[in-house]
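Given the structure is predicted, the values throughout are model-derived calculations rather than measurements. Below, chain A is the first sequence line, B the second, and so on; all start at residue 1. What you see below is based on every heavy atom in this structure, not just the backbone, and it leaves out hydrogens, waters and symmetry mates.
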Amino acid sequence: NAGVTQTPKFQVLKTGQSMTLQCAQDMNHNSMYWYRQDPGMGLRLIYYSASEGTTDKGEVPNGYNVSRLNKREFSLRLESAAPSQTSVYFCASNSGQGRGYGYTFGSGTRLTVV
Amino acid sequence: AQSVTQPDIHITVSEGASLELRCNYSYGATPYLFWYVQSPGQGLQLLLKYFSGDTLVQGIKGFEAEFKRSQSSFNLRKPSVHWSDAAEYFCAVGVPYSSASKIIFGSGTRLSIRP
(Lines give C-alpha, C1' and ligand atoms only; values in the text may rest on other atoms or scores of the structure.)
Protein backbone atom coordinates (compact mmCIF):
# COMPACT_ATOMS: atom_id res chain seq x y z
CA ASN A 1 0.00 0.00 0.00
CA ALA A 2 1.26 3.47 -0.89
CA GLY A 3 1.96 5.72 2.04
CA VAL A 4 4.37 6.69 4.79
CA THR A 5 6.07 3.99 6.82
CA GLN A 6 7.62 4.69 10.23
CA THR A 7 9.78 2.39 12.31
CA PRO A 8 9.81 1.48 15.11
CA LYS A 9 6.25 1.80 16.43
CA PHE A 10 7.30 1.75 20.08
CA GLN A 11 10.60 2.41 21.82
CA VAL A 12 11.80 2.81 25.39
CA LEU A 13 15.14 4.53 25.92
CA LYS A 14 17.22 5.32 28.94
CA THR A 15 18.30 8.90 29.48
CA GLY A 16 21.43 9.59 27.45
CA GLN A 17 20.90 6.81 24.92
CA SER A 18 20.69 7.57 21.21
CA MET A 19 18.38 6.29 18.52
CA THR A 20 17.17 6.98 15.00
CA LEU A 21 13.56 7.03 13.91
CA GLN A 22 13.12 5.93 10.33
CA CYS A 23 10.59 7.24 7.81
CA ALA A 24 10.04 6.29 4.19
CA GLN A 25 7.41 7.31 1.64
CA ASP A 26 6.65 5.76 -1.73
CA MET A 27 4.51 8.52 -3.24
CA ASN A 28 7.37 10.44 -4.87
CA HIS A 29 6.66 13.45 -2.65
CA ASN A 30 9.19 16.26 -2.50
CA SER A 31 8.63 17.45 1.07
CA MET A 32 8.92 15.48 4.30
CA TYR A 33 8.40 16.45 7.93
CA TRP A 34 8.88 15.31 11.50
CA TYR A 35 6.37 16.33 14.16
CA ARG A 36 6.01 15.52 17.83
CA GLN A 37 2.64 15.29 19.54
CA ASP A 38 2.18 16.00 23.20
CA PRO A 39 -1.11 16.18 25.13
CA GLY A 40 -2.83 19.55 24.75
CA MET A 41 -0.17 20.90 22.39
CA GLY A 42 -1.23 19.55 19.04
CA LEU A 43 1.52 18.71 16.58
CA ARG A 44 4.72 20.71 16.65
CA LEU A 45 7.13 20.72 13.77
CA ILE A 46 10.64 19.52 14.62
CA TYR A 47 12.41 19.52 11.26
CA TYR A 48 11.39 19.45 7.64
CA SER A 49 12.90 18.83 4.24
CA ALA A 50 11.47 20.80 1.35
CA SER A 51 13.29 18.64 -1.17
CA GLU A 52 16.02 16.05 -1.42
CA GLY A 53 19.27 17.50 -0.13
CA THR A 54 17.73 20.23 2.03
CA THR A 55 16.67 20.29 5.68
CA ASP A 56 15.45 23.10 7.93
CA LYS A 57 14.56 23.61 11.55
CA GLY A 58 10.96 23.80 12.61
CA GLU A 59 9.42 25.00 15.83
CA VAL A 60 11.15 22.64 18.31
CA PRO A 61 14.47 21.39 16.82
CA ASN A 62 16.65 21.31 19.96
CA GLY A 63 17.96 17.85 20.81
CA TYR A 64 17.27 16.42 17.36
CA ASN A 65 19.05 15.98 14.05
CA VAL A 66 17.73 14.82 10.68
CA SER A 67 18.99 13.31 7.47
CA ARG A 68 17.25 13.34 4.11
CA LEU A 69 18.95 10.23 2.78
CA ASN A 70 17.22 10.32 -0.59
CA LYS A 71 13.84 11.38 -1.92
CA ARG A 72 12.10 8.50 -0.12
CA GLU A 73 13.72 8.53 3.30
CA PHE A 74 13.90 11.10 6.10
CA SER A 75 15.30 10.03 9.46
CA LEU A 76 15.18 11.71 12.87
CA ARG A 77 18.01 11.16 15.36
CA LEU A 78 18.08 11.71 19.09
CA GLU A 79 21.77 11.89 20.08
CA SER A 80 21.27 11.91 23.85
CA ALA A 81 17.69 11.22 24.82
CA ALA A 82 16.06 13.18 27.64
CA PRO A 83 12.77 12.55 29.49
CA SER A 84 11.39 15.74 27.86
CA GLN A 85 11.59 13.93 24.53
CA THR A 86 8.99 11.40 25.62
CA SER A 87 6.34 11.90 22.98
CA VAL A 88 4.63 10.46 19.93
CA TYR A 89 6.54 11.23 16.76
CA PHE A 90 4.90 11.49 13.36
CA CYS A 91 6.49 11.62 9.96
CA ALA A 92 4.58 13.13 7.05
CA SER A 93 5.10 13.85 3.38
CA ASN A 94 3.54 16.37 1.03
CA SER A 95 3.44 16.57 -2.71
CA GLY A 96 3.31 20.35 -2.36
CA GLN A 97 1.72 20.77 -5.74
CA GLY A 98 -1.73 21.92 -6.77
CA ARG A 99 -4.76 20.11 -5.43
CA GLY A 100 -2.59 17.22 -4.31
CA TYR A 101 -1.24 19.50 -1.59
CA GLY A 102 -1.68 17.96 1.80
CA TYR A 103 0.04 15.70 4.26
CA THR A 104 0.07 11.95 4.36
CA PHE A 105 1.04 10.77 7.84
CA GLY A 106 2.77 7.71 9.11
CA SER A 107 1.24 5.78 11.98
CA GLY A 108 3.63 7.22 14.55
CA THR A 109 6.38 6.16 16.94
CA ARG A 110 5.60 6.20 20.64
CA LEU A 111 8.86 6.99 22.45
CA THR A 112 9.36 6.83 26.20
CA VAL A 113 12.59 8.08 27.78
CA VAL A 114 13.15 6.91 31.36
CA ALA B 1 3.11 33.95 10.26
CA GLN B 2 0.03 31.80 10.04
CA SER B 3 -1.62 30.31 13.13
CA VAL B 4 -4.64 28.20 14.00
CA THR B 5 -6.88 28.39 17.06
CA GLN B 6 -9.28 25.69 18.19
CA PRO B 7 -11.05 27.26 21.14
CA ASP B 8 -12.70 24.09 22.43
CA ILE B 9 -10.39 21.59 24.12
CA HIS B 10 -13.07 18.99 24.78
CA ILE B 11 -16.65 18.63 23.57
CA THR B 12 -19.24 16.01 24.51
CA VAL B 13 -22.34 15.45 22.38
CA SER B 14 -25.05 12.82 22.43
CA GLU B 15 -25.15 10.17 19.76
CA GLY B 16 -27.41 11.36 16.95
CA ALA B 17 -26.97 15.03 17.81
CA SER B 18 -25.42 17.55 15.49
CA LEU B 19 -21.82 18.67 15.86
CA GLU B 20 -19.85 21.81 15.14
CA LEU B 21 -16.16 22.14 15.92
CA ARG B 22 -14.70 25.62 15.73
CA CYS B 23 -11.52 26.71 14.00
CA ASN B 24 -10.10 30.18 13.45
CA TYR B 25 -6.98 30.93 11.48
CA SER B 26 -4.67 33.86 11.07
CA TYR B 27 -3.13 34.54 7.69
CA GLY B 28 -2.90 37.53 5.38
CA ALA B 29 -4.48 35.85 2.39
CA THR B 30 -6.60 32.78 1.79
CA PRO B 31 -4.65 29.75 2.98
CA TYR B 32 -5.20 26.11 2.35
CA LEU B 33 -7.36 24.72 5.17
CA PHE B 34 -7.65 21.18 6.48
CA TRP B 35 -9.40 19.07 9.06
CA TYR B 36 -7.74 15.87 10.29
CA VAL B 37 -9.06 13.22 12.65
CA GLN B 38 -7.04 11.04 14.99
CA SER B 39 -8.51 8.00 16.68
CA PRO B 40 -6.86 6.82 19.91
CA GLY B 41 -3.43 5.32 19.24
CA GLN B 42 -3.65 6.04 15.53
CA GLY B 43 -2.12 8.45 13.04
CA LEU B 44 -3.91 11.40 11.50
CA GLN B 45 -6.41 10.96 8.69
CA LEU B 46 -7.50 13.75 6.36
CA LEU B 47 -11.23 14.50 6.62
CA LEU B 48 -11.44 17.33 4.11
CA LYS B 49 -9.57 20.28 2.66
CA TYR B 50 -10.32 23.69 1.17
CA PHE B 51 -8.20 25.35 -1.45
CA SER B 52 -10.53 27.72 -3.32
CA GLY B 53 -13.97 27.91 -4.91
CA ASP B 54 -17.10 26.69 -3.17
CA THR B 55 -16.85 27.63 0.48
CA LEU B 56 -18.75 24.53 1.67
CA VAL B 57 -16.52 21.49 1.47
CA GLN B 58 -17.67 17.90 1.78
CA GLY B 59 -15.41 15.31 3.33
CA ILE B 60 -15.34 11.69 4.33
CA LYS B 61 -17.49 10.09 7.03
CA GLY B 62 -20.33 12.60 6.49
CA PHE B 63 -18.35 15.65 7.63
CA GLU B 64 -18.45 19.07 6.01
CA ALA B 65 -16.76 22.39 6.69
CA GLU B 66 -17.52 25.95 5.71
CA PHE B 67 -14.89 28.57 4.94
CA LYS B 68 -15.91 32.06 6.05
CA ARG B 69 -13.38 34.64 4.97
CA SER B 70 -14.98 37.47 6.92
CA GLN B 71 -14.67 35.52 10.16
CA SER B 72 -11.36 33.77 9.35
CA SER B 73 -13.09 30.55 10.29
CA PHE B 74 -13.28 27.01 8.98
CA ASN B 75 -15.73 25.17 11.24
CA LEU B 76 -16.34 21.45 10.94
CA ARG B 77 -19.91 20.11 11.06
CA LYS B 78 -21.77 16.84 11.05
CA PRO B 79 -25.58 16.56 11.14
CA SER B 80 -25.73 13.40 13.29
CA VAL B 81 -22.76 11.94 15.15
CA HIS B 82 -22.08 8.27 15.69
CA TRP B 83 -20.23 6.68 18.59
CA SER B 84 -17.37 5.91 16.19
CA ASP B 85 -16.79 9.66 15.70
CA ALA B 86 -15.22 9.89 19.15
CA ALA B 87 -11.67 11.04 18.40
CA GLU B 88 -9.44 14.09 18.38
CA TYR B 89 -9.92 16.59 15.58
CA PHE B 90 -7.26 18.94 14.29
CA CYS B 91 -7.74 22.00 12.15
CA ALA B 92 -4.71 23.01 10.10
CA VAL B 93 -3.59 25.75 7.75
CA GLY B 94 -1.10 25.56 4.89
CA VAL B 95 0.56 28.36 3.03
CA PRO B 96 0.17 28.17 -0.73
CA TYR B 97 3.27 28.51 -2.85
CA SER B 98 5.66 28.30 0.08
CA SER B 99 8.79 26.37 -0.72
CA ALA B 100 8.41 23.87 2.07
CA SER B 101 4.63 23.49 1.94
CA LYS B 102 4.43 23.52 5.73
CA ILE B 103 1.15 22.94 7.50
CA ILE B 104 0.47 24.41 10.93
CA PHE B 105 -1.88 22.55 13.28
CA GLY B 106 -4.23 23.73 15.97
CA SER B 107 -4.02 22.18 19.42
CA GLY B 108 -6.97 19.89 18.74
CA THR B 109 -10.49 19.28 20.03
CA ARG B 110 -11.30 16.01 21.73
CA LEU B 111 -14.78 14.77 20.91
CA SER B 112 -16.61 12.42 23.26
CA ILE B 113 -19.95 10.82 22.41
CA ARG B 114 -22.62 10.33 25.06
CA PRO B 115 -24.67 7.13 24.50
Side-chain angles (χ1 to χ4, degrees), chain A residues 1 3-7 9-10 23 25 27 29-61 66 68 74 88-110, chain B residues 1-10 21-25 30-54 57-60 65 74 87-110:
Chain A
N1 291 337
V4 178
T5 303
Q6 287 184 240
T7 56
K9 293 190 183 302
F10 300 95
C23 176
Q25 52 92 8
M27 297 169 286
H29 285 173
N30 290 320
S31 303
M32 297 184 73
Y33 313 81
W34 277 105
Y35 285 86
R36 60 178 289 173
Q37 184 181 28
D38 302 291
M41 304 191 76
L43 281 81
R44 292 182 292 169
L45 183 63
I46 304 171
Y47 270 94
Y48 63 97
S49 171
S51 60
E52 185 179 356
T54 69
T55 61
D56 285 287
K57 295 178 181 179
E59 185 183 357
V60 288
V66 291
R68 183 77 182 265
F74 187 40
V88 181
Y89 292 85
F90 288 99
C91 178
S93 69
N94 187 354
S95 68
Q97 297 174 6
R99 295 207 164 256
Y101 185 115
Y103 282 3
T104 299
F105 282 91
S107 57
T109 296
R110 186 173 295 273
Chain B
Q2 68 271 31
S3 64
V4 181
T5 302
Q6 293 180 249
D8 303 307
I9 295 174
H10 183 205
L21 301 182
R22 296 184 292 164
C23 172
N24 293 97
Y25 69 90
T30 300
Y32 293 165
L33 296 163
F34 306 85
W35 275 99
Y36 285 86
V37 60
Q38 184 182 32
S39 298
Q42 303 296 312
L44 279 78
Q45 181 184 22
L46 180 67
L47 281 176
L48 47 80
K49 58 185 177 183
Y50 172 79
F51 286 175
S52 64
D54 192 346
V57 180
Q58 302 297 321
I60 63 171
F74 188 57
E88 187 141 24
Y89 292 79
F90 293 93
C91 182
V93 59
V95 178
Y97 314 118
S98 64
S99 62
S101 306
K102 286 184 290 183
I103 296 178
I104 305 299
F105 290 84
S107 55
T109 297
R110 184 161 61 93

*B:Gln38 and A:Phe90: side-chain contact (heavy atoms from CB on, under 4.5 Å), yes or no, with the steps?*
CA-CA 12 Å; B:Gln38 184 182 32; A:Phe90 288 99; 3.3 Å; yes
*asked:* Classify the ring geometry of B:Phe105 against A:Tyr103: parallel below 30°, tilted from 30° to 60°, perpendicular beyond 60°.
replied: tilted
_Between A:Gln37 and B:Phe90, is there a side-chain heavy-atom distance shorter than 4.5 Å?_
yes
*Should B:Ile103 and A:Leu45 count as side-chain neighbours, where that means a heavy-atom distance under 4.5 Å?*
no
*Under 6.0 Å from the CD1 atom of B:Ile60, do we count more than 12 heavy atoms belonging to anything else shown?*
yes
*Non-hydrogen atoms of chain A under 4.5 Å away: do they reach the side chain of B:Leu44, the backbone, both or neither?*
both
*By side-chain contact (heavy atoms from CB on, under 4.5 Å), which residues pair with A:Val66, not counting sequence neighbours?*
A:Trp34, A:Tyr47, A:Thr55, A:Phe74, A:Leu76
*asked:* Does atom CZ (B:Arg110) have a neighbourhood of more than 12 heavy atoms from anything else shown, all under 6.0 Å?
replied: no
*How far does CG of A:Asp38 sit from OG of B:Ser107, to the nearest 0.5 angstrom?*
12.5 Å
